[in-house]
Amino acid sequence: MAQSAPFACWSTILLNLRVKTKWTSITDIGFRSVSRDIIPYQHFFRSGLRYNLDPNWNITSGIAFFSTKTSFLKENHEYGHEFRLWTDFSRLSLRTRKFIMNHRVRIERRFFDATSTRLSFNSFRFQYRLLSGVQFNSKFNFQTGPEIFESLIRQKFSLDQIRWYSILGILPGKGYGISLGYFFVYRKAYDQNIFAITLSKNLQLYEHHH
């Protein structure tokens with residue numbers, strides 16, 4: 001039976017920079033901690049380029065760098081480093097629609113450096129997320145649903161984790177967004193409760209001419 005790990009707090013800053021009519025640069029940085037003592041556990045940088053196929057569908061590819069502690073212990077200061085290549089294929093509901101149904105498929109190629117507890121290795125990870133919800137008005141929405149993670153390591157598929165998301169989206173002003181979330185995460189080794197906040201900003205480099 002899976003054991004419970006300390007609850008976690010995830011914070012992220014996301015920047016979406018529209019560079020052309022159909023092209024957007026995506027950059028996010030994040031800090032993750034565990035327990036009520038706010039013990040640092042993970043930080044990351046992720047960047048990619050998104051192409052909008054139409055108002056609903058888009059595809060995004062990019063790179064990411066993650067540093068993760070080798071244990072939850074407060075006295076542990078060793079981090080393992082990871083490099084990722086990733087691609088998303090997403091279908092997003094328009095904000096003008098009352099009911100939300102968002103799909104995302106993500107494929108990651110992951111490269112892990114060696115640490116004192118493991119050798120270096122690499123893997124593929126496949127993710128599918130389905131969120132449904134409601135758009136209350138132009139400023140508030142709520143979404144909930146699962147995401148399933150499968151990993152291919154040394155030619156063997158295994159269940160990585162399952163997350164269940166509950167997310168409140170807030171648009172306080174033009175170009176700004178706040179996402180407040182609670183995630184329940186099931187892993188074979190342990191379960192985890194995660195509270196998350198994401199602050200986002202949308203910018204535009206080009207002038208739209210009619």
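Since this is a predicted model, take the numbers as computed values, not measurements. Here, residue 1 is the first one in the sequence, and each next residue gets the next number.
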Applying salt bridge (Lys or Arg N to Asp or Glu O under 4.0 Å) as the test, list every pair that has at least one member in residues 49-63; sequence neighbours left out.
none
Does [X] belong to the same Ile/Leu/Val/Met/Phe/Trp/Tyr cluster as [Y], with side-chain heavy atoms less than 4.5 Å apart forming each link?
| X | Y | result |
| --- | --- | --- |
| I194 | F149 | yes |
| I107 | Y128 | no |
| L199 | I170 | yes |
| L49 | L53 | yes |

From [X] atom [atom1] to [Y] atom [atom2], the distance as rounded to the nearest 0.5 Å:
| X | Y | atom1 | atom2 | value |
| --- | --- | --- | --- | --- |
| I167 | S179 | CD1 | OG | 5.0 Å |
| L73 | I39 | CG | CD1 | 8.0 Å |
| S11 | R32 | OG | CZ | 9.0 Å |
| E108 | S151 | CD | OG | 8.5 Å |
| D160 | L152 | CG | CG | 11.5 Å |
| I26 | L14 | CD1 | CG | 6.5 Å |

Testing the basics here: between [X] and [Y], what is the closest heavy-atom pair and its distance to 0.1 Å?
| X | Y | result |
| --- | --- | --- |
| S47 | T27 | OG-OG1, 3.5 Å |
| G177 | L171 | CA-CD2, 4.0 Å |
| S93 | N102 | N-OD1, 2.7 Å |

Compute whether any side-chain donor of one residue and acceptor of the other, for [X] and [Y], lie under 3.5 angstrom apart.
| X | Y | value |
| --- | --- | --- |
| Y165 | Q143 | no |
| T60 | D88 | no |
| H43 | Y79 | no |
| T24 | R18 | yes |

With a 3.5 Å cut-off and sequence neighbours excluded, list the donor-acceptor pairs that the side chains of residues 129-138 form with protein atoms.
{"unit_1": "Q135", "atom_1": "NE2", "unit_2": "N137", "atom_2": "O", "d": "2.9"}
{"unit_1": "N137", "atom_1": "OD1", "unit_2": "K139", "atom_2": "N", "d": "2.9"}
{"unit_1": "N137", "atom_1": "OD1", "unit_2": "F140", "atom_2": "N", "d": "3.0"}

Which residues pass the side chain to side chain contact (heavy atoms under 4.5 Å, CB included) test with [X], sequence neighbours left out?
| X | value |
| --- | --- |
| N202 | N16 |
| W164 | T144, P146, S166 |
| K201 | L15, Y176, L203 |

Is a side-chain N or O of [X] found less than 3.5 angstrom from the main chain of [Y], in a donor-acceptor match?
| X | Y | value |
| --- | --- | --- |
| R97 | I100 | no |
| N76 | E78 | yes |
| N56 | L92 | yes |

For I13, what are the other residues in its hydrophobic cluster, where any two members join if their side-chain heavy atoms are less than 4.5 angstrom apart?
I29, F45, I63, F65, F83, L85, F111
Under a single-linkage rule joining Ile, Leu, Val, Met, Phe, Trp and Tyr whose side-chain heavy atoms are separated by less than 4.5 Å, which residues share a cluster with F44?
F66
Once ring-ring contact (aromatic ring centres under 6.0 Å, His included) is applied, do any residues pair with F126, and if so which ones, sequence neighbours excluded?
F157
Considering residues at least two apart in sequence or located in another chain, which fulfil the ring-ring contact (aromatic ring centres under 6.0 Å, His included) criterion with F195?
Y182
Looking at side-chain heavy atoms only, is the closest gap between E150 and R125 below 4.5 Å?
no
With side chains defined as the heavy atoms from C-beta onward, is the minimum distance between I197 and T12 less than 4.5 Å?
no
ring-ring contact (aromatic ring centres under 6.0 Å, His included), paired with Y190, selected from F184, F7, F72:
F72
Test ring pair (Phe, Tyr, Trp, His ring centres under 6.0 Å) applied to H81 and F112, step by step
CA-CA 6 Å; H81 303 293; F112 297 87; over 10 Å; no
Full working for side chain to side chain contact (heavy atoms under 4.5 Å, CB included) between Q161 and I148:
CA-CA 6 Å; Q161 59 183 275; I148 299 172; over 6 Å; no
Kindly state each residue pair satisfying ring-ring contact (aromatic ring centres under 6.0 Å, His included) with at least one member in residues 9-33, sequence neighbours excluded.
W10-F183, W23-Y51
Report the residues that fulfil salt bridge (charged side-chain N to carboxylate O under 4.0 Å, His left out) with R163, sequence neighbours left out, ordered by chain and then residue number.
none
For the pair E147 and R106, find out whether any cationic side-chain nitrogen is under 4.0 Å from an anionic carboxylate oxygen.
no
So does R110 pair up with E82, basic N to acidic O under 4.0 Å?
yes
Sequence neighbours excluded and cut-off under 3.5 Å, please list the side-chain donor-acceptor pairs for residues 117-124, or say none.
{"unit_1": "T117", "atom_1": "OG1", "unit_2": "T115", "atom_2": "OG1", "d": "3.1"}
{"unit_1": "R118", "atom_1": "NH2", "unit_2": "D113", "atom_2": "O", "d": "3.4"}
{"unit_1": "N122", "atom_1": "OD1", "unit_2": "R109", "atom_2": "NH1", "d": "2.7"}
{"unit_1": "N122", "atom_1": "OD1", "unit_2": "R109", "atom_2": "NH2", "d": "3.4"}

